[in-house]
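Note that these values count all heavy atoms, side chains included, but never hydrogens, waters or copies made by symmetry.
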Amino acid sequence: MNLFADFENRIKNALEVLDIIKEKRSEVDFGRVAVEPPRDQSHGDVATNAAMVLAKPLGTNPRALADIIAVALRGDPDISEVSVAGPGFINIRLSTGYWQRLLESMIEQGTSYGRSTVGASKKANVEYVSANPTGPMHVGHCRGAVVGDALANLMAFAGYDVTKEYYINDAGSQIDVLARSVFLRYREALGETIGEIPSGLYPGDYLVPVGQALAEEYGPRLHNMSEEDWLPIVKDKAIDAMMTMIREDLDALNVHHDIFFSERALHAGGAQRIRAAINDLTFKGHVYRGTLPPPKGQLPEDWEDREQTLFRSTEVGDDIDRPLIKSDGSYTYFAADVAYFKDKFDRGYDEMIYVLGADHGGYVKRLEALARAVSGGKAKLTVLLCQLVKLFRNGEPVKMSKRSGNFVTLREVVDEVGRDAVRFMMLYRKSSEPLDFDFAKVTEQSKDNPVFYVQYAHARCASVFRQAQKAFPDLDIESLDLAAHANLICEENELRLIAKLAEYPRIVEAAAVAQEPHRLAFYLYDLASSFHGHWSKGSENADLRFVNDKNRQLSVARLGLVHAVASVLKSGLAITGTAAPEEMR
RNA sequence: GGUCCCAUAGCUCAGCAGGAUAGAGCGCAGGAUUCCUAAUCCUGAGGCCGAUGGUUCGAAUCCAUCUGGGAUCACCA
C-alpha cells in the first residue's frame, strides 16, 4: 500500500462525484492534481493542490472549491481531519487506525515494501563504467560506476526490466599501444633489458605479469614474428588480462554488469556490423560525402580540409555533422558507436541510459542525434553526466598526474575506506554537482559521515531485537508475527516514524523516473535521523522505549515498527549497494 | 568563440515534474547519559535563493539576457 497513491485515488474518486465537476467533466484534467506530504508537518499528513489547479477551468475560486472538496473528503473514515489553508491547499490528517494498518502492511511486505510498477516492465539498458581496457580503473571511474549501478538497481526496484551493460573499448589505436607495451614486457620477461619505457607506451607495472604469461606460453616464438603477426596474439592476451583486472576492481566496489559488449566484435569480419549500421543510416538519408568547417575558436595547427563520409547529425539536433569514415577509409570511434546503438535498439530496449563523466559532455548531442536518426525518433536515450570527483586528504587536494603514473586507483580507494563508504558518498550528491571526497571524513564514525549514520541506524534496529530477546528469553523472534499488535502503536512520535516510512515508495518512484539515485541516499539519511531521534525519546521517557519488559504485547508491537524501519533501511541500502550491518565496530 | 554543468546560511549541500513561514549537516551558543550502543539526541542564533527582466493566482524552481566558477571542443579513443 502506497499512502500517496492511495489518497490520490481517493481524492480523484471524490472529485468525480462532485456536481460542480460532473457538469464540466470534459473540460477538466486531473493530471496536475498532486497529492504529497505537506512541507510543514504541522499542516497535516497529506496535502493536495486539487482546488488550486481545478478552480480556473471550473470558473470558481480555489478557496470555495477547496471547501466543497473538503466536505466530500470528511466522509472518509480513514481521514480524521480536513482543513483548507493558504491559497487553497487541502490538508488531510489521517486516523491512527490508518497508520496502524499501513504499518501492518509494511511489516508483511518486508524488504519488498516500496517496490513499484512505474517502470511497467519496460526494458531499460544502463550502460556505465565502460573504462578503456588499458589499465586498472582509477578513482575517476568510481562515481560513474556507483551512480550507474545504483540507478540500475533503483530502476529494477521501480519495475523496469534492467540490463547493466559495459561497453569495452577494445578496438582502436590505444589497444595497439597497449599490445606494444605488453610486448615490451614480454621481451623483458625473456631476459632482455628494456630500460626505461619509451614515451607513448603504457609504463605501468601491471603489465609485467601479462608479459610473463606470454613468455611462459609462447617462449621466444613471438619475438621471431613480424609485428603484423604477433600483434593480434598479444592484443587478445592483453585485453583479456585487463578486463580480468577491471572485473576484479568492479567486484571490489560491488559493481556487476550483465553484459560486456565488445567494440572489437563490431569491427570483426571486415567491420561487417559497422558497415551495416552505416548502410542503415545511409538508407534513411543521414549520410553524405563532404567536408567539415574548421573547428571554431583556436584552429589546430595541423588542420586540413579533407573529404570524409559524414553523418548529417545537424538535421537531428547536433551542432555539427560527424565523421563516420575517415579520409583514409578507416572507421571513426563514432561509427562503432552507431553500430553499438543500433545493436541496443534492435535488442528492443525502451530506454537506453548512458552514464558518462563530465569530460564526455561534448559527446551528448551526437549520441542523442544518432538515437533519433537510427530509431526514427522512437528510442529514448538519456545521458547522465557525472561531474568530477576531487580527492582530499586531510583537507589538502590530492594531486594526480597520469604522466608520472601518480594516479590513485579505484582499488586503492576501496581498500582504504571500504566499499560501503565509497558507494554511499558517491551517491550522497546530485550527480550533476562536483563532489569532494575526503579520505578522513568518509571513514569517520560520527554523524558527519552519512554512511556511518545510516548504517548505525540499521545496527541499532538489530540491537533492539537483541535487547528484546534478553528481556523476553522465551520469545521466539524468528517466527513472531510482528504485525499482530500494530494497533497498539499510537504514540505521536511512533506515528510520525510510520509517516516517514510511508514516503519510501514515493521516493523510489520519483528517484527512478528522474534518474536521480541521490534522492534515495538523502531519504535514507532522513529516515535514519527520524529513527535516532525517536530512539532518544526513550532516554527522556522510559515509556517510549521499544522494549518494555512489563508489557510484552506492546514490546512486540514496537518491534514491528523497528522491523519496518530496518526493512526500509536494508532495502534502500541494498539499492545503493551498501551493506546493512547488524552491529557496528 | 560554441556547447554542457553549476551558483541557496560562515562552510558543504538538499529542496521532490511552480505552491503555504526556504531545509539538513558542519561550525557557533546552550542543554540531555543510574536507562535498548551519548558512535546519539534536544534547543537557539544565522538566508534579498548570483543579477535583471518575463510567463501566472503564485517562481529558489520555468523562459530570456547578463555576471562569476567548472568541464569540453578533433579524422582521438
Side-chain angles (χ1 to χ4, degrees), chain A residues 32 34 36-40 43 47 49 52-53 55-56 61-62 85-89 91 132 134 169 171-175 177 263 292 294-298 300 302-304 306 308-310 318-320 322-328 330-334 336 357-365 383 385-388 428-436 438 441 444-450 452-453 456-457 459-460 463-468 470-471 503 506-507 510-511 513-514 516 518-519 522-523 525-526 529 532-540 542 545-548 562 583-584:
Chain A
R32 288 180 60 216
E36 43 192 18
R39 177 154 293 179
D40 192 327
H43 294 141
N49 62 353
M52 291 181 292
V53 174
K56 205 175 201 177
N61 75 73
F89 282 101
N91 291 323
N132 286 348
T134 55
N169 295 136
S173 58
Q174 89 281 7
I175 297 296
V177 172
E263 183 189 356
L292 285 174
K296 298 258 162 61
Q298 233 183 352
D302 54 352
W303 171 259
E304 272 184 72
R306 292 188 197 149
Q308 306 157 57
T309 299
L310 298 166
D318 203 355
D319 302 323
I320 189 169
R322 304 292 176 179
L324 294 168
I325 305 177
K326 306 178 202 173
S327 49
D328 68 0
S330 61
Y331 295 100
T332 62
Y333 177 81
F334 183 66
D359 51 344
H360 288 75
Y363 210 67
V364 176
K365 282 202 173 177
V383 179
L385 280 187
C386 294
Q387 293 298 314
L388 303 182
Y428 202 63
R429 179 115 323 167
K430 231 180 343 193
S431 51
S432 56
E433 188 95 22
L435 173 79
D436 291 346
D438 192 308
K441 270 189 192 157
E444 200 172 284
Q445 299 217 334
S446 77
K447 70 177 300 187
D448 300 14
N449 181 355
F452 167 77
Y453 188 75
Y456 179 41
R460 253 188 169 165
S463 165
V464 173
F465 274 86
R466 290 192 291 269
Q467 292 302 326
K470 263 192 231 164
E503 291 175 23
R506 226 179 147 261
I507 298 285
V513 170
E516 293 187 349
H518 75 277
R519 290 193 200 177
F522 278 93
Y523 169 76
Y525 184 89
D526 206 26
S529 175
H532 286 309
H534 181 57
W535 168 291
S536 296
K537 289 284 187 297
S539 308
E540 293 153 25
R545 289 184 198 164
F546 297 115
V547 179
N548 180 335
V562 173
E583 57 183 339
M584 306 297 284

For the P atoms, the ones on B/rU55 and on B/rA60, what distance do you get once it is rounded to whole angstrom? 16 Å
Select base, sugar-phosphate, or nothing to describe what A/Ala85 touches, counting heavy atoms under 4.0 Å on all strands. base
Rounded to the Å, how far apart are A/Leu324 CG and B/rA74 P? 14 Å
is_close_aromatic(A/Phe546, A/His534), centroid dist under 6.0 Å: yes
When the C1' atoms of B/rU21 and B/rU3 are compared, how many Å lie between them, rounded to an integer? 40 Å
Under a 3.5 Å cut-off on both pairing distances, which runs of 3 or more consecutive Watson-Crick or G-U pairs involve RNA chain B? B:1-7 with B:67-73, B:10-13 with B:23-26, B:28-32 with B:40-44, B:50-54 with B:62-66
How close do A/Asn91 and A/Ala85 get, heavy atom to heavy atom, and via which atoms? ND2-CB, 3.6 Å
Among B/rG15, B/rU12, B/rC76, the one nearest any side-chain atom of A/Arg429 is B/rU12
CG (A/Asn132) and CD1 (A/Ile175) are apart, to the nearest 0.5 Å, by 6.5 Å
Which atom of A/Pro323 lies closest to which atom of A/Gln308, heavy atoms considered: CB-OE1, 3.1 Å
What class does the angle between the rings of A/Tyr456 and A/Phe452 fall in, given that below 30° is parallel, 30 to 60° is tilted and above 60° is perpendicular? parallel
When rounded to the nearest Å, what value does the distance between P atoms of B/rA51 and B/rU61 take? 10 Å
Rounded interatomic separation in angstrom, taking OH from A/Tyr428 and P from B/rA24: 12 Å
Contact nearer the 5' end of RNA chain B, comparing A/Asn132 with A/Asp436: A/Asp436
Pairwise P distance, B/rG70 and B/rU33 [rounded to whole Å]: 50 Å
NA contact type, A/Ala171, heavy-atom cut-off 4.0 Å: base, sugar-phosphate, or nothing? sugar-phosphate
Restricting to side chain to side chain contact (heavy atoms under 4.5 Å, CB included), what partner residues turn up for A/Ala171, sequence neighbours left out? A/Glu263, A/Arg264, A/His267
In whole angstrom, give me the gap between the P atoms of B/rC28 and B/rU67. 39 Å
Mapping A/Asn49 and A/His360 onto RNA chain B by nearest heavy atom, which one lands closer to the 5' end? A/Asn49
Does the protein touch nucleotides 36-43 of chain B at the base, only the backbone, or not at all? Give it as B, S and - per nucleotide, heavy atoms under 4.0 Å. BBSBSS--
Can you measure A/Glu516 atom CD to B/rA17 atom C1' for me and round it to whole angstrom units? 11 Å
Between B/rU34 and B/rA45, how many Å separate the two P atoms, rounded to a whole number? 28 Å
Only counting residues at least two apart or in another chain, list the ones meeting side chain to side chain contact (heavy atoms under 4.5 Å, CB included) with A/Arg506. A/Phe4, A/Glu36, A/Pro37
Under 3.5 Å, is there any donor-acceptor pair linking the side chain of A/Asp526 to the base of B/rA24? no
Atom CZ of A/Arg39 to atom P of B/rC16: distance rounded to whole Å? 8 Å
Just how far is it from atom CD of A/Glu433 to atom NE2 of A/His518, taken to the nearest 0.5 Å? 9.5 Å
Under 4.0 Å, heavy atoms only, any strand: does A/Asn61 hit a base, just the sugar-phosphate, or nothing? nothing
Between B/rC26 and B/rA20, how far apart are the C1' atoms? Round to whole Å, please. 29 Å
Minimum heavy-atom separation for A/Pro87 and A/Pro62, please, with both atom names. O-CB, 3.4 Å
Pairwise N/O distances under 3.5 Å, protein to nucleotides 4-10 of chain B:
residue, atom, partner, partner atom, Å
B/rC5, O2', A/Ser432, O, 2.6

Closest non-hydrogen atom pair, A/Ala459 against A/Met584: CB-CG, 3.7 Å
Looking only at heavy atoms, the pair that brings A/Leu385 and A/His360 closest together is CD2-C, 4.3 Å
Applying side chain to side chain contact (heavy atoms under 4.5 Å, CB included), name anything that partners A/Lys441, two or more places apart in sequence or on another chain. A/Asp438
So, under a plain 3.5 Å distance rule, would you say the side chain of A/Arg519 forms a donor-acceptor pair with the base of B/rC16? no
Contact class for A/Pro38 (heavy atom, under 4.0 Å): base, sugar-phosphate, or nothing? base
Identify whether any heavy atom of A/Ser327 sits under 4.0 Å from a base atom; if not, whether one sits that close to sugar-phosphate; answer base, sugar-phosphate or nothing. base
For B/rA74, does OP1 or OP2 lie under 4.0 Å from any side-chain N or O of A/Arg322? yes
Taking the side chain as everything from C-beta on, heavy atoms only, tell me whether A/Phe522 gets closer than 4.5 Å to A/Pro450. no
Provide the distance between the two P atoms, one in B/rG15 and one in B/rU40, to the nearest whole Å. 24 Å
